[in-house]
Amino acid sequence: MIQLYHGEGKGKTTAAVGGAVRAAGAGMRVVFGQFMKGNETAELEELKKISNIDILRSKENFGFYFQMTEEQKKRLTDIHNQILDKMRQLAEQGKCDFLVMDELTYTINYNLIGTETLYQFLEYNKDKIEIIITGRNPAPRLLDITDYDSEILCHKHPYERGIKARRGIEY
């Protein structure tokens, strides 16, 4: 099935990490893929220690979308398509029972991934592996194919008081 965690609130990636750890604890082979992120995040340090979790992500940090040049957007699209292809290979080889696609919604909204290839992959695998997708503003087509749709709302956030992201809490 496909689980979707979206919305303006904090906790989407945290929910995905929790799902990955739970699945790994149950002996499932987990692939934890991050899109749009190239900077180090604290959860990766612990996920790397779990033998049945593989991590797929960019080795480059491109920053926020609105700051990227057209050349950077093209490069990031290539990286995202490579990550998706690796996910496809692992699923086909039976090496993935549980897949996290963290921040995937942005790749669709900003056209930073081959969307038709992505949707074909999701529709083909939704009955074969468990998939968690996170991000904001999911496309209507993505909402249509999900089995779980959990929206995380923000009623209050420290950013509103000028408090910056904190290691171990927001990243």
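FYI, side chains are in, hydrogens and waters are out, and symmetry mates aren't considered; it's all heavy atoms of this structure.
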Report yes if the side chains of Asn137 and Tyr106 come closer than 4.5 Å at any heavy-atom pair, otherwise no.
no
* Asked: Taking everything shown except Glu71 itself, do over 12 heavy atoms lie less than 6.0 Å from its CD?
  -> no
Passes side-chain contact (heavy atoms from CB on, under 4.5 Å), Thr14 versus Tyr5? Steps please. CA-CA 10 Å; Thr14 304; Tyr5 296 93; over 6 Å; no
Name the atoms and distances for all side-chain donor-acceptor pairs under 3.5 Å in residues 149-159, with sequence neighbours left out.
{"unit_1": "Asp149", "atom_1": "OD1", "unit_2": "His6", "atom_2": "NE2", "d": "2.5"}
{"unit_1": "His157", "atom_1": "ND1", "unit_2": "Tyr159", "atom_2": "N", "d": "3.1"}

Presence of salt bridge, Arg141 and Glu116, under 4.0 angstrom: yes
- Do Asn81 side-chain atoms and Gly114 backbone N/O form a donor-acceptor pair below 3.5 Å? yes
d(Arg167 CZ, Ile169 CD1) to nearest 0.5 Å is 11.0 Å
Between Gln72 and Met68 the two heavy atoms that sit nearest each other are OE1-CA, 3.2 Å
dist Leu118:CG -> Glu123:CD (nearest 0.5 Å) comes out at 10.0 Å
| message | Using a strict threshold of under 4.0 Å (side-chain N to carboxylate O), is an ion pair present between Lys73 and Glu70? | response | yes
CG of Asn39 to CG of Leu44, rounded to nearest 0.5 Å, is 9.0 Å
Checking side chain to side chain donor-acceptor pair (under 3.5 Å) for the pair Thr41/Glu43: CA distance, chi angles, key distance, verdict? CA-CA 6 Å; Thr41 58; Glu43 66 269 13; 2.9 Å; yes
**OP:** Using the side chain to side chain donor-acceptor pair (under 3.5 Å) rule, take Asp78 and Gln82 through it: C-alpha gap first, then chi angles, then the decisive distance, then the call.
**Re:** CA-CA 6 Å; Asp78 291 342; Gln82 289 169 13; 6.0 Å; no
Indicate yes or no for a side-chain donor-acceptor contact from Lys86 to the backbone of Leu56 under 3.5 Å, with no hydrogens or angles considered.
no
- prompt: Can you tell me if NZ on Lys10 sees more than 12 non-hydrogen neighbours from other groups inside 6.0 Å?
  reply: yes
Side-chain contact test, heavy atoms from C-beta onward, threshold under 4.5 Å: evaluate it for Met36 versus Leu76 and give yes or no.
yes
d(Ile129 CD1, Leu90 CG) to nearest 0.5 Å is 9.5 Å
Are Ile113 and Leu104 packed together at the side-chain level, in the sense that at least one heavy-atom pair is separated by less than 4.5 angstrom? yes
Quick note, ring pair (Phe, Tyr, Trp, His ring centres under 6.0 Å) partners involving residues 25-70, not counting sequence neighbours, are Phe35-His80, Phe64-Phe66, Tyr65-Tyr110
* Between Asn52 and Met28, is there a donor-acceptor pair closer than 3.5 Å when you use the side chain of the first and the backbone of the second? -> yes
Note: with side-chain heavy atoms under 4.5 Å as the link, the other cluster members for Tyr148 come out as Met1
With clusters defined by side-chain heavy atoms of hydrophobic residues (ILVMFWY) lying less than 4.5 Å apart, directly or transitively, does Leu143 cluster with Phe121?
yes
With a 3.5 Å distance limit and no angle check, can you tell me whether Arg57 reaches the backbone of Glu40 through a side-chain donor-acceptor pair?
no
Worksheet item: Quick one: does Asp97's side chain have a donor or acceptor within less than 3.5 Å of a partner on Arg29's backbone?
Response: yes
All heavy atoms of Ala16 vs all of Ile132, minimum pair found to be CB-CG2, 3.8 Å
task = Kindly indicate, with the supporting measurements, whether the criterion side-chain contact (heavy atoms from CB on, under 4.5 Å) is fulfilled by Arg136 and Lys12.
result = CA-CA 9 Å; Arg136 295 179 184 203; Lys12 297 175 290 292; 4.0 Å; yes
Heavy atoms, side chains only, cut-off 4.5 Å: are Ile133 and Leu122 in contact? yes
Are the side chain of Lys48 and the backbone of Ile55 linked by a donor-acceptor contact shorter than 3.5 Å? no
In short, Ala20 meets Val100 closest at the heavy-atom pair CB-CG2, 4.2 Å
- Item | Joint cluster assignment, Val17 & Met87, ILVMFWY side-chain distance < 4.5 Å | no
Under a 4.0 Å threshold between the charged nitrogen and the carboxylate oxygen, would Asp85 count as salt-bridged to Arg88?
yes
So do the side chains of Leu84 and Thr117 get within less than 4.5 Å of each other, counting heavy atoms only? yes
Checking Thr134, Asp102, Thr13 against Gln34 for side-chain hydrogen bond (donor to acceptor under 3.5 Å, both in side chains), the one that qualifies is Asp102
In this structure, CD1 of Ile131 is separated from CD1 of Ile2 (nearest 0.5 Å) by 4.5 Å
message: Counting C-beta onward and ignoring hydrogens, is there a side-chain heavy-atom pair between Leu4 and Met101 closer than 4.5 Å?
response: no
message = Under the criterion side-chain contact (heavy atoms from CB on, under 4.5 Å), I'd like the reasoning laid out for Val21 against Leu47: C-alpha separation, chi angles, the key distance, then a yes or no.
response = CA-CA 8 Å; Val21 170; Leu47 292 177; 3.9 Å; yes
Between the CD atom in Glu92 and the CG atom in Asn125, the distance rounded to the nearest 0.5 Å is 8.0 Å
What one should report as the nearest heavy-atom pair of Ala24 and Ile50 is CB-CG2, 3.8 Å
